[in-house]
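Chain naming here is simple, since letters A, B, ... match the order of the sequence lines and numbering starts at 1 in each. Everything quoted here is computed from the prediction, not taken from an experiment. Just so it is clear, the values below take in all heavy atoms, side chains as well, and ignore hydrogens, waters and symmetry mates.
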Amino acid sequence: MSEKVKSPQATIIVLFLLQLSIGVSLSYSISNSATTDQEPYEAFSFDLHSNEVKNVRGWRYHFGDHPEWAQLNYNDSLWMKLPYSPGVQDKTDGIRWYRAPIFLFGEQDDYDVLALYFRLLGISYEVYWDGELLDHNGHVSQDPSQEIPGGIRKIVKLKREFTTPGRHLLAIRLSRHFKGQTYRIFSTQFGYFSGIQSNIHTHSNLLYWEGGLFLLASLFTLALYLGSHKRSYLLFAVFCFLNLCYTAYGILQYEIDMNTQSFDILLLLFHIGKVLLYSTLNIFFILHFDIPYKHVHVCSSIIVTLVIRFVLGSNLIALSTLYSLALLLYATRYYPSESILSMLGVSIFSFSDIAFLQNIFPGTYLVAGELLFLFCIIFAISKKIRKQDQLHEEAIMKTARMETELLKRHIQPHFIMNTLLSIVSWLSENPKKAALLIHSLANEFRVIHEISSKKEIPLQREIALCESHLRLMGFRKDATYTLTTRNLCQEEAVPPMIFHTLIENALTHAYEPGENGSFTLICEKNKKKIQYTLQNDGSRLKKLKEKSAEQIDEGMGMKYVRARLQESYPHKCQIRYGFKDGNWEVIIVISK
Amino acid sequence: MRILIIEDEKPIADYIVRLCRSILGDKIQSIRTLHTLEQAKAYLIESQIDLCLLDLNLNGENGFELLKSAVSGPFHTIIISAHTEQAIEAFHHGVLDFIPKPFDEERLRIAFERYFDRRKNRDIATRYFSARIGNQHKIILIDDIDYFKSAGNYVEAHLKNGKTELLNKTMDRLGQILPPRFKRIHRSCFVDLSQVYSYRHAGGGKYKIITRSGDSLPLSRQTYKELHDLLNV
């Protein structure tokens with residue numbers, strides 16, 4: 001047993017540590033690259049034979065505005081260097097110029113032209129090539145009211161005569177009064193037009209794939225929710241839908257020629273969406289694996305996600321799944337295979353997300369990672385559904401067993417045989433008594449037959465059954481047994497044959513042969529609980545007085561009572577017994 | 001004949017008494033009804049009886065404890081119980097009969113016939129004997145016993161390990177509950193036939209059996225003949 005437990009736990013811990021180390025190393029490498037810029041400051045050169053698309057680097061920039069700054073021969077050596085690193089954002093406004101020398105070598109392609117691809121480049125700009133204005137996006141102006149923000153994407157084709165081998169200069173005149181978040185100079189790409197086009201197609205195709213994947217998963221889990229009304233499925237459907245939105249945002253970039261201002265609003269939504277996305281993933285696991293202190297975990301997982309977002313940034317928000325991983329680690333105690341699968345899925349998902357955003361992975365790997373993630377989670381869900389089915393079946397079986405147990409308790413041979421023998425013995429001595437005994441027996445069987453399939457019966461019925469049983473046993477034992485009730489709330493419902501079983505137990509164990517007996521059933525009810533006390537005055541149990549209650553072995557009857565109460569009032573029921581004022585009493589407390 | 005009835009339901013106990021009187025009539029010297037195990041234990045220490053009619057489930061307590069005590073006594077025990085599933089175990093402990101409830105006079109009569117009949121007429125063989133040592137009962141597996149030898153009012157059970165246990169039984173009552181492989185070879189001796197090593201004429205009209213363990217036992221002339229015929233067929 002212990003070995004069985006050990007190995008999955010070891011796997012889990014390894015997975016967890018792996019995830020942790022990846023997270024830490026990634027964030028470390030990023031913070032490293034952002035603070036120190038050791039990369040050699042090289043001019044951008046491009047081989048005209050090559051078909052690749054490259055990011056333009058070697059930018060210098062300067063604030064102000066002068067037409068000469070577009071010229072190839074202008075000496076910009078005193079301008080500030082723009083470090084090539086992602087995430088550098090310029091928050092100042094007004095006009096500024098960017099210059100990047102470009103060295104072309106080799107021979108030009110006969111059929112294709114070179115092009116510049118501006119993606120998410122700030123606001124309004126003019127593009128100069130060797131001093132000549134090629135194109136503009138929006139309207140550049142020193143006056144904020146005159147500035148018109150342009151679109152988010154632009155491809156500028158270069159005439160063949162412009163791109164002869166040798167030194168060229170790309171200059172950008174830019175104004176940025178509009179304070180958006182989209183300003184990223186590094187994403188200016190240079191290459192042959194067909195290459196840029198095919199890059200765009202590959203990327204958008206991948207996004208469609210990704211979207212389709214999450215659309216399907218979202219619909220699938222939504223259907224699961226509609227069928228089962230389990231909130232966790234709905235959350236996963238929402239999570240998948242948010243992922244779908246996330247990809248839709250990517251697709252929109254390509255499909256719609258969007259204004260920078262409206263795109264900026266979309267980008268804000270995207271950032272909120274991403275926090276939501278990872279929060280829902282965490283909450284999904286909290287609900288799905290029935291983690292205790294749900295509300296606390298939901299709140300703290302959201303806080304953790306927000307903290308990671310604002311401290312480590314949007315690219316590392318996937319680290320918030322560490323919260324899920326910790327919870328899943330806990331859940332392995334109850335759902336070992338399901339939580340290991342989920343941990344694997346989550347690790348893959350967050351790793352591929354971080355790796356993609358840090359340009360470690362190409363997009364294809366991201367989609368593959370997401371596919372694996374969805375497979376793992378849906379597999380884990382199906383495993384859990386199977387487990388629940390099994391539990392459900394067991395519950396049904398248990399109820400059926402309970403019913404059989406009830407019938408067996410009363411149709412057990414020794415009860416019938418002894419009663420029949422009593423009838424035989426009374427027949428010759430006192431035929432009237434024998435007839436009464438037969439009637440009592442018949443009545444008891446009739447009632448038991450009626451109530452056997454019921455989960456609960458009115459208290460009144462139960463008491464009638466007890467009285468009938470006492471009458472019958474009185475004939476058998478040649479004694480008089482009575483049942484007095486106090487404060488009874490007749491409309492109350494109880495599981496069948498609870499008191500009957502307790503009385504039967506007492507008759508067997510508490511009374512000497514021939515001893516008369518009296519039972520008292522007291523009911524106390526308040527807003528919080530109902531308490532039933534059943535007392536008997538049997539003399540034999542008084543001998544047990546020396547024994548403490550724990551030492552008394554509970555027989556089948558007591559087990560039946562416990563099982564039946566547990567079934568009707570799970571975890572809300574207590575049974576105590578012991579002596580009080582010379583009487584043996586059994587107390588059943590049902591809290592509401 | 002002295003009868004003890006142990007039954008916790010008074011009407012049934014009365015019924016058994018009536019039936020006993022009707023079947024046995026004058027043969028009854030005394031008849032006593034008790035309702036609890038404690039009473040029965042106390043009574044058995046003080047009084048001599050010939051037959052005990054015992055209900056196995058008295059007031060929800062297991063009567064097997066009493067049964068073990070009862071079968072160690074010099075009297076026979078007949079179980080009267082509704083728990084027929086306990087019949088086989090009861091027979092293993094050496095009870096004379098098991099009467100399932102409900103029963104009639106006829107069934108009780110058959111049980112009494114078994115009591116008076118010296119032949120073995122039980123379907124299920126006894127497996128254990130109960131020997132009283134002080135206040136305790138020691139269970140002896142019948143397979144461990146080589147032979148029984150009478151010793152005054154008691155019977156010595158000679159075990160395979162060479163030990164001897166004293167049983168509070170008469171030879172006749174033992175004969176009624178022993179498995180068939182035990183043969184009464186002499187007025188004073190039962191032997192497990194599979195443990196017989198040799199038998200011979202010892203001279204002077206006396207015969208002897210030597211057991212595998214090397215013990216020499218008396219053999220009656222009658223049994224000698226029977227054995228001889230059995231082995232020379």
Inter-residue atom distance Leu421(A).CG - Asp55(B).CG, 0.5 Å rounding = 9.5 Å

Output for pair (Lys101(B) NZ, Ser422(A) OG), nearest 0.5 Å, gives 8.0 Å

Over 12 non-hydrogen atoms of neighbours within 6.0 angstrom of NZ in Lys433(A) = yes

Within 6.0 Å of CD in Gln48(B), more than 12 heavy atoms from elsewhere | no

Contact summary for Pro513(A) and Asp8(B), nearest pair of heavy atoms = CB-O, 3.3 Å

Residue, of Glu7(B), His35(B), Arg18(B), that accumulates the most heavy atom pairs under 4.5 Å with chain A | Arg18(B)

Against chain B, label Thr419(A) side chain, backbone, both or neither, depending on which of its atoms sit under 4.5 Å from a heavy atom there.
-> neither

Do you know the tightest heavy-atom contact between Asn418(A) and Ala82(B)?
-> ND2-CB, 4.0 Å

Mark yes when over 12 heavy atoms from residues, nucleotides or ligands other than Tyr154(B) sit less than 6.0 Å from its OH; otherwise mark no.
-> no

Please check if atom CG in Asn161(B) has more than 12 non-hydrogen atoms from other residues, nucleotides or ligands closer than 6.0 Å.
-> yes

Nearest heavy-atom neighbours spanning Lys477(A) and Pro11(B) | C-CD, 4.1 Å

Are Glu429(A) and Asp14(B) side-chain neighbours, meaning at least one heavy-atom pair lies under 4.5 Å?
-> no

